[in-house]
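Here the structure is laid out as structure tokens; the discussion comes afterwards.
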Amino acid sequence: MPRLPVLCVAVLTVAAGLGVRAFFDGPVSKYAGDALYTVLIYTLVVLIVPRVRPWVAAAPAVGASWAIEFAQLGEIPAVLRPLLGSTFNPPDLFWYAVGAAAAWAAHTFWLRRAG
């Protein structure tokens with residue numbers, strides 16, 4: 001998979017996350033942000049390993065998101081809280097999985113269309 005389209009998807013994912021936060025409040029922005037956070041991790045995995053299979057990229061994306069969420073059960077340093085959060089919220093785990101599943105589906109669709 002060429003890196004430039006993946007980089008564009010990463011940039012669009014960040015823009016979508018910022019846009020959701022700017023235009024929506026409450027659970028919509030929070031949970032969309034959770035899903036998009038995982039999509040961004042997924043795209044970074046694909047950027048680093050362009051030939052990765054979709055399910056292989058989804059596993060570390062959701063795994064990293066869940067690890068960060070569970071880390072919030074402890075103390076996150078103040079400087080990292082804007083990036084990693086500070087409060088464990090069980091529904092976030094579901095939305096991380098939604099983000100990974102959406103990225104997996106989009107990646108699979110792209111590969112089938114391109115191949």
Side-chain angles (χ1 to χ4, degrees):
M1 179 161 231
R3 285 193 165 110
L4 184 58
V6 178
L7 183 59
C8 290
V9 169
V11 170
L12 288 172
T13 301
V14 171
L18 294 172
V20 166
R21 292 283 183 167
F23 295 109
F24 296 98
D25 289 327
V28 170
S29 67
K30 176 172 181 7
Y31 295 128
D34 289 344
L36 288 167
Y37 192 87
T38 303
V39 170
L40 180 60
I41 295 171
Y42 186 104
T43 60
L44 295 175
V45 170
V46 175
L47 196 60
I48 294 166
V49 186
R51 294 177 191 244
V52 68
R53 291 187 175 145
W55 71 270
V56 175
V62 77
S65 298
W66 285 353
I68 291 166
E69 189 68 28
F70 281 111
Q72 294 170 2
L73 289 169
E75 185 65 31
I76 301 288
V79 69
L80 295 177
R81 287 182 193 150
L83 179 64
L84 302 179
S86 61
T87 306
F88 178 77
N89 185 28
D92 290 352
L93 300 171
F94 170 76
W95 291 104
Y96 296 138
V98 168
W104 179 352
H107 189 186
T108 300
F109 176 77
W110 174 274
L111 291 175
R112 287 187 181 155
R113 189 166 176 250

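Under a hydrophobic-cluster definition in which Ile, Leu, Val, Met, Phe, Trp and Tyr are linked whenever side-chain heavy atoms come within less than 4.5 Å, directly or via other members, F94 and F70 are assigned to different clusters. Hydrophobic clustering, with ILVMFWY side chains joined whenever heavy atoms are under 4.5 angstrom apart, groups W66 together with F88. A continuous path of Ile, Leu, Val, Met, Phe, Trp and Tyr side chains, each step under 4.5 Å between heavy atoms, connects I68 with L80, placing both in one hydrophobic cluster. I41 and L83 end up in the same hydrophobic cluster when Ile, Leu, Val, Met, Phe, Trp and Tyr side chains are linked at under 4.5 Å.
In plain terms, the two heavy atoms of V46 and A57 that are nearest each other are CG2-CB, 4.0 Å. Pairing each heavy atom of D34 with each of Y96, the nearest pair is O-CD2, 3.3 Å.
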Distance-only donor-acceptor hits, side chain of residues 97-115, under 3.5 Å, sequence neighbours excluded:
residue, atom, partner, partner atom, Å
H107, ND1, Y42, OH, 2.6
T108, OG1, W104, O, 2.9

N/O donor-acceptor pairs under 3.5 Å from side chains in residues 2-31, not counting sequence neighbours:
residue, atom, partner, partner atom, Å
R3, NE, L47, O, 2.8
R3, NH2, I48, O, 3.4
T13, OG1, V9, O, 2.7
S29, OG, G26, O, 3.1
K30, NZ, D92, OD1, 2.8
K30, NZ, D92, OD2, 3.0
Y31, OH, N89, ND2, 3.4

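Counting only distance, with no hydrogens or angles, the side chain of Q72 and the backbone of L84 share a donor-acceptor pair below 3.5 Å.
The salt bridge (Lys or Arg N to Asp or Glu O under 4.0 Å) search around R81 returns E75, not counting sequence neighbours.
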